[in-house]
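A quick write-up on the structure given underneath.
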There are 2 protein chains.
Amino acid sequence: MNEHATLNASVFSQLRQDILTGRLLPGERLRAETLRQRYDVGGSPVREALMRLEAEGFVVLEENKGFRVADISVAHLQDLSRTRVEVEGLALKWSIAKGGVDWESAIVASMHRLASVPKRLDTAGHEQNAVWLRYHREFHASLVAACDSPVLLSIRNRLFDQAERYVALSISAGGEVRDDVGEHRAIMDAVLSRDVEMSVVLSRRHIERTTQKLLAAMESRAVSA
Amino acid sequence: MNEHATLNASVFSQLRQDILTGRLLPGERLRAETLRQRYDVGGSPVREALMRLEAEGFVVLEENKGFRVADISVAHLQDLSRTRVEVEGLALKWSIAKGGVDWESAIVASMHRLASVPKRLDTAGHEQNAVWLRYHREFHASLVAACDSPVLLSIRNRLFDQAERYVALSISAGGEVRDDVGEHRAIMDAVLSRDVEMSVVLSRRHIERTTQKLLAAMESRAVSA
DNA sequence: CGTCAAGCGATTTTCGAAAATTCTTCATCT
DNA sequence: AGATGAAGAATTTTCGAAAATCGCTTGACG
C-alpha cells in the first residue's frame, strides 16, 4: 500500500493494528528485541512508534522497565462507554445540524455496505470479521462526519478505537458479535429525519447494549491472559 | 525536581512547557540539531519526545521534512472552545454528582489560593503570570476532580492545555489577562450549592468570554509570526 | 534461618555515525 | 529567458553499539 512511508510510521500502524485486533494481548510485555525482529527494523523506529502509541493510550511505559500493551478492565470499559455515549451523542447532534445532502447519501451508502455483510460472524472466518468491523466503523463515522469539529471528531475517533479493541478481543476470544442491522437502520432513520432527540437516545442504547455484551463476555471467561 | 527521570521524559516536559508558554512559537521549525543543543542531549530522546508531543497535538510532523510547532488559528480556537464548553460542562455535572466534602474543601482551598494572587498581571513580571496560570489551572481542575472518570478527565485536561497555549501566547505577546475573581467565585458558589444547571451555564460563559478576549487579541496583532 | 548487599545477566536508554531524503545551487539546453 | 536536471549541502531517518538501569542470584553475616 503505502510503500514510501517512513519506517517509523509503518511500525506504528502495524503495532497499532496488532494491538487493536488482539494479536498482541493486554498486559503483554513489548521487548525491544522481540519487536525489532517482528517488524524487521532497528530500535529507533520501534521506540518512536511506541511513544506515539503511549500517548494514544494503547501502550504503557514504565520508565526503565519498558513498554507493555495497555491493560483492559471492566472499570475502564464502563468509563469508556459512559464517556463515549456523551461524546458520540454530541457529535451526532452537531452533525445533524450541519449535514447536507451528500452527508445523507454517504450514510445511506455505508449502511448499505454494512448490511451486505453476511450475518454469521462468530465462528466464521477472521476475514469476514475484519470486513464487518471496517464497514461498521465506517457507518458510524459517516453519521458524525458532518459535525464540522476536528477537535471533537478526533476525540470521538480515539474513544471509538479504544472501544473497538474490546470488541476485537471479545471476538478473537471466541465471542460472537451481534450484527444488529435493525439497530443500525433505526439510528440511520432517526438521523436522516433529523430527529436529534431520538438519534441520541438510540445511539446511547446502541453503545450501552454493546457494552453489556462485552462485559458479559469479559466476566464469563477469565479476563486476565 | 525529578532528577532521576529519563532523558526522554525530561526533554518531553521541557519541550512541552516551552511550547505551552510560547517560548517556541506556532509554526516554528524544530530542527534536530537545534533541539539537541538546546536541551543538551542526543537525537533519540529529542525524537521520542517529539513523537509524543505530536500525538498530543502540540507538534506536527511532516514526513522526511521534520517537526514544527503546531499552528494556531481562529478556527481552531473556536472549535476548541465549543468542544471545551461541552466537555467541561459534562465533567462538572459528573463531579457535582459524585463529589464529597473533601472535594468541596479542595475547591475552597484552591479558590483562596487563586484569589491571593495580585490583580495586575499584564505588564507585571512573567513570574506572577506563571503563578496565576498555575493556580488558575488548579482551581478549574479541583472543580472537576470528583468526576470519577479518568477517560473524560484526560480529554478535559488535553483540551485545557491546548486552550492554555492560546492564553500564554496572548500574554507573552503583550496582552492582558483578566483576573476575574468574581467570575470564578460565582462558579464555585454554584458548584458548591450543587446547582448543576447554573454551574454549567457559568462555566460556559467563562470559557466563551475568555475565548472572545483571545480572539480579539489574535485579530488585533498579526496572527502569524 | 532470615536479611542484606554485591555481582551478574538481561533490558532499556542514549549516543554517534551511516544511510536516505529533501532542498539548493548552478550549469546546460531549447 | 526559462525550463530541466544533475551535483552538492543540509536535514531527517535509521542503525548498531556503548552506557545506564533493573532484577535476580548468590554468598556473607547477624
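This is a predicted model, so every value here is computed, not measured. Values reported hereafter were calculated over all heavy atoms of this structure, with side chains retained and with hydrogens, waters and symmetry mates removed.
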Are there any protein N/O atoms within less than 3.5 Å of an N/O atom in nucleotides 16-23 of chain D, and if so, which ones and at what distance?
residue, atom, partner, partner atom, Å
D:dT21, O3', A:Asn64, ND2, 3.3
D:dG23, OP1, A:Lys65, NZ, 3.3

Checklist entry - How long is the line joining CZ of B:Arg29 and P of D:dA10, in whole Å? => result 13 Å
Checklist entry - Does anything in residues 49-58 of chain B reach DNA chain D, meaning a heavy atom under 4.0 Å, and if so which residues? => result none
For residues 46-53 of chain A, dump all side-chain donor-acceptor pairs below 3.5 Å to protein atoms at least two apart in sequence or in another chain.
residue, atom, partner, partner atom, Å
A:Arg47, NH1, B:Glu48, OE1, 2.5
A:Arg47, NH1, B:Glu48, OE2, 3.1
A:Glu48, OE1, B:Arg47, NH1, 2.6
A:Glu48, OE2, B:Arg47, NH1, 3.2
A:Arg52, NH1, B:Glu54, OE1, 3.4

Checklist outcome for this item: Separation of D:dT14 atom C1' from A:Arg47 atom CZ, nearest Å, is 15 Å
Next on the checklist: Considering only residues two or more places apart or on different chains, which pairs with a residue in residues 50-92 of chain A satisfy ring pair (Phe, Tyr, Trp, His ring centres under 6.0 Å)?
Outcome noted: A:His76-A:Tyr166
Next on the checklist: I need the CD-C1' distance between A:Glu62 and C:dT12, as an integer number of Å.
Outcome noted: 12 Å
Next on the checklist: Between B:Trp103 (side chain only) and B:Leu143 (backbone N and O only), is there a donor and an acceptor less than 3.5 Å apart?
Outcome noted: yes
Next on the checklist: Strictly below 4.0 Å, N to O, side chains only: are A:Arg137 and A:Glu164 in salt-bridge contact?
Outcome noted: yes
Item to check | Residue-level proximity of residues 7-17 of chain B to DNA chain C when a heavy atom falls under 4.0 Å | outcome: B:Leu7, B:Asn8
Next on the checklist: Donor-acceptor pair, distance only, cut-off 3.5 Å: does the side chain of B:Thr6 make one with the backbone of B:Ala9?
Outcome noted: no
Checklist outcome for this item: Taken to the nearest 0.5 Å, the spacing of A:Tyr135 OH from A:Ser116 OG works out to 5.5 Å
Checklist outcome for this item: Among C:dT13, C:dT12, C:dT14, the one nearest any side-chain atom of B:Pro45 is C:dT14
Checklist entry - A:Thr6 side chain N/O closer than 4.0 Å to the phosphate oxygens (OP1, OP2) of D:dT14? => result yes
Item to check | Pair B:Arg204 + B:Glu86, salt bridge at N-O below 4.0 Å | outcome: yes
Next on the checklist: Measure CG/A:Leu61 against P/C:dT11 and give the value in whole Å, please.
Outcome noted: 17 Å
Item to check | Integer-rounded Å distance: C:dT13 P and A:Arg31 CZ | outcome: 14 Å
Next on the checklist: Keeping B:Asp18 on the side-chain end and B:Leu24 on the backbone end, is there a donor-acceptor pair under 3.5 Å?
Outcome noted: no
Checklist outcome for this item: From CD of A:Glu48 across to P of C:dT13 the rounded distance in Å is 14 Å
Item to check | B:Arg82 charged N/C atom sitting above A:Trp94 aromatic ring, 6.0 Å / 45° | outcome: yes
Checklist entry - Would a 4.5 Å heavy-atom cut-off, applied to side chains only, mark B:Arg68 and B:Pro26 as touching? => result no
Checklist outcome for this item: Those residues at least two apart in sequence (or on a different chain) that pass salt bridge (Lys or Arg N to Asp or Glu O under 4.0 Å) with A:Arg134 are A:Glu138
